[in-house]
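Working notes, structure below.
Since the model is a prediction, treat every value here as computed from it, not as a measurement. This chain uses plain numbering: 1 for the first residue, then up along the sequence. As a basis for the values below, the full set of heavy atoms in this structure was taken, side chains included, without hydrogen atoms, waters or symmetry mates.
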Amino acid sequence: KADIARNNFKIDGSGIKISIISNSFNAKDLLTSDIANGELPGANNPAGRFQPIKVLKDLKSDNVFANEEGRALAQIIHDKAPGADLLFHTSFGDSGNLDDRSYSEAVNSLVAAGANIIVEDALIPTSIFQDGEAAQAAKKAVDKGITVISAAGNNGRTSYESDYRSDGTTFNFGDKTFEALDFDPSTNVDLFQD
């Protein structure tokens with residue numbers, strides 16, 4: 001019922017830059033038909049939404065992950081906030097791989113482009129027990145007042161959850177001693193989540 005909210009509050013997203021981080025946006029070259037159908041803004045949008053989407057970096061069409069999820073997210077956002085300026089940056093790096101560095105590059109580029117909101121559905125291989133480069137980039141964006149929305153449920157069932165248990169093994173880090181988590185629920189001990 002976003003149309004009711006837009007009408008009642010006289011808002012449509014105008015003046016807001018909503019950014020998307022995903023795998024690809026127009027690697028399959030289907031954007032023109034989405035604009036002509038009114039699904040996205042651009043030069044031939046039938047509803048007069050002519051502001052083009054700013055694509056800062058896209059995934060190459062030959063990449064196996066180029067499935068246009070970014071354009072699908074843009075369609076959903078445009079349905080809800082048709083006046084918003086939309087920006088896109090792939091979560092993949094120049095080499096075609098996804099990692100902490102490629103994700104943080106996407107966040108930093110969108111922040112530099114003036115994003116007010118960043119929406120992402122990237123599956124980032126990153127460190128488990130500390131904030132990696134990707135998390136640090138997202139935190140810096142939030143600290144600047146940018147809203148960052150992550151599709152954390154994308155792989156919600158691909159995770160690890162367990163009660164805490166330990167065999168008493170300790171390790172030192174800095175000037176503190178920590179007790180290691182035993183990942184193996186059996187009588188065996190696994191300190192590295194093998």
Any side-chain to backbone donor/acceptor pair from S166 onto G168? Under 3.5 Å, distance only.
yes

Under 3.5 Å, which donor-acceptor pairs link side chains of residues 27-34 to any protein atom two or more places apart or in another chain?
unit_1, atom_1, unit_2, atom_2, d
S33, OG, L30, O, 3.0
D34, OD2, R71, NE, 2.6
D34, OD2, Q75, NE2, 2.7

With a 3.5 Å distance limit and no angle check, can you tell me whether D182 reaches the backbone of D190 through a side-chain donor-acceptor pair?
yes

Could you tell me which non-hydrogen atom of Y164 sits nearest to which non-hydrogen atom of E179, and how far apart they are?
OH-O, 3.4 Å

Between N45 and H78, does a side chain to side chain contact (heavy atoms under 4.5 Å, CB included) hold up when you go through it step by step?
CA-CA 12 Å; N45 179 286; H78 184 65; 4.0 Å; yes

Quiz question: by atom type and distance under 3.5 Å, do the side chains of T90 and D58 form a donor-acceptor pair?
no

Above 12 or not: heavy atoms from other molecules or residues under 6.0 Å from CZ of F173?
no

Would you find a donor on one side and an acceptor on the other, under 3.5 Å apart, between the side chain of N63 and the backbone of G96?
yes

Kindly indicate whether the side chain of L181, heavy atoms from C-beta on, has any atom under 4.5 Å from the side chain of F183.
yes

Separation between CD1 of I53 and CG of L87, rounded to the nearest 0.5 Å:
9.5 Å

Smallest heavy-atom separation, A113 atom then L56 atom, equals CB-CD1, 4.1 Å

ILVMFWY network linking F88 to I149, side-chain heavy atoms under 4.5 angstrom:
yes

Could you state the interatomic distance from CG (D3) to CG (D79), rounded to the nearest 0.5 Å?
10.5 Å

Would you give the length of the straight line joining atom OG of S19 to atom CG of L73, rounded to the nearest 0.5 angstrom?
12.0 Å

Indicate the atoms forming the closest heavy-atom contact of S61 with A66, along with that distance.
O-CB, 4.1 Å

Any donor-acceptor pair under 3.5 Å linking the side-chain atoms of T177 with those of N172?
yes

Do I117 and K17 have side chains that get closer than 4.5 Å, going by heavy atoms?
no

Indicate if V107 and I20 have the same hydrophobic cluster label, given that clusters are the connected sets of ILVMFWY residues with side-chain heavy-atom separations under 4.5 angstrom.
no

I16 and D85: side chain to side chain contact (heavy atoms under 4.5 Å, CB included), yes or no, with the steps?
CA-CA 6 Å; I16 302 293; D85 289 342; over 6 Å; no

Counting only heavy atoms from other residues, nucleotides and ligands, does the tally under 6.0 Å from CZ of F9 exceed 12?
no

Is the count of non-hydrogen atoms from other residues, nucleotides or ligands lying under 6.0 Å from N44 atom CG greater than 12?
no

Roughly how far, to the nearest 0.5 Å, is the OG atom of S95 from the CZ atom of R101?
11.5 Å

Which atom names give the shortest non-hydrogen contact between L191 and A180, and what distance separates them?
CD2-CB, 3.9 Å

Using a cut-off of 6.0 Å, state whether more than 12 heavy atoms not belonging to K140 lie near its atom NZ.
no

Assess, by modelled atom type and distance only, whether the side chains of E133 and S104 contain a donor and an acceptor separated by less than 3.5 Å.
yes

Taking 4.0 angstrom as the limit, do D12 and R49 come out as a salt bridge?
yes

Over all heavy atoms of both residues, which pair between A137 and N108 is shortest? Give the atoms and the distance, please.
CB-OD1, 3.9 Å

Less than 4.0 angstrom from a charged side-chain N to a carboxylate O is my criterion; do R165 and D184 meet it?
no

Let me see the working for S150 and E120 under side chain to side chain donor-acceptor pair (under 3.5 Å), right down to the final yes or no.
CA-CA 5 Å; S150 177; E120 63 89 3; 2.5 Å; yes

Can V148 be reached from I77 by stepping across I, L, V, M, F, W or Y side chains whose heavy atoms are under 4.5 Å apart?
no

With a sphere of 6.0 Å drawn around CZ of R6, does it hold more than 12 non-hydrogen atoms of other residues, nucleotides or ligands?
yes

How close do D121 and S22 get, heavy atom to heavy atom, and via which atoms?
OD1-OG, 2.7 Å

Can you tell if the side chain of I18 reaches within under 4.5 Å of the side chain of N116, non-hydrogen atoms only?
no

Report yes if some heavy atom in the side chain of V55 is under 4.5 Å from a heavy atom in the side chain of N26; otherwise report no.
no

Taking D131's backbone N and O only, do any of them form a donor-acceptor pair with Q136's side chain (distance below 3.5 Å, no angle check)?
yes

Compute the centroid of each ring, for F65 and then for F92, and state whether the two points are separated by less than 6.0 Å.
yes

As an exercise, state the distance from CG of L59 to OG of S24, rounded to the nearest 0.5 Å.
5.5 Å

Euclidean distance, H89 NE2 relative to I118 CD1, rounded to 0.5 Å:
10.5 Å

Side chain to side chain contact (heavy atoms under 4.5 Å, CB included) between N67 and N23: does it pass, once the steps are laid out?
CA-CA 7 Å; N67 66 6; N23 51 21; 2.4 Å; yes

Can you list every pair that meets salt bridge (Lys or Arg N to Asp or Glu O under 4.0 Å) and has a residue in residues 39-48, with sequence neighbours left out?
none

Transitive ILVMFWY side-chain link F171 to F192, under 4.5 Å
no

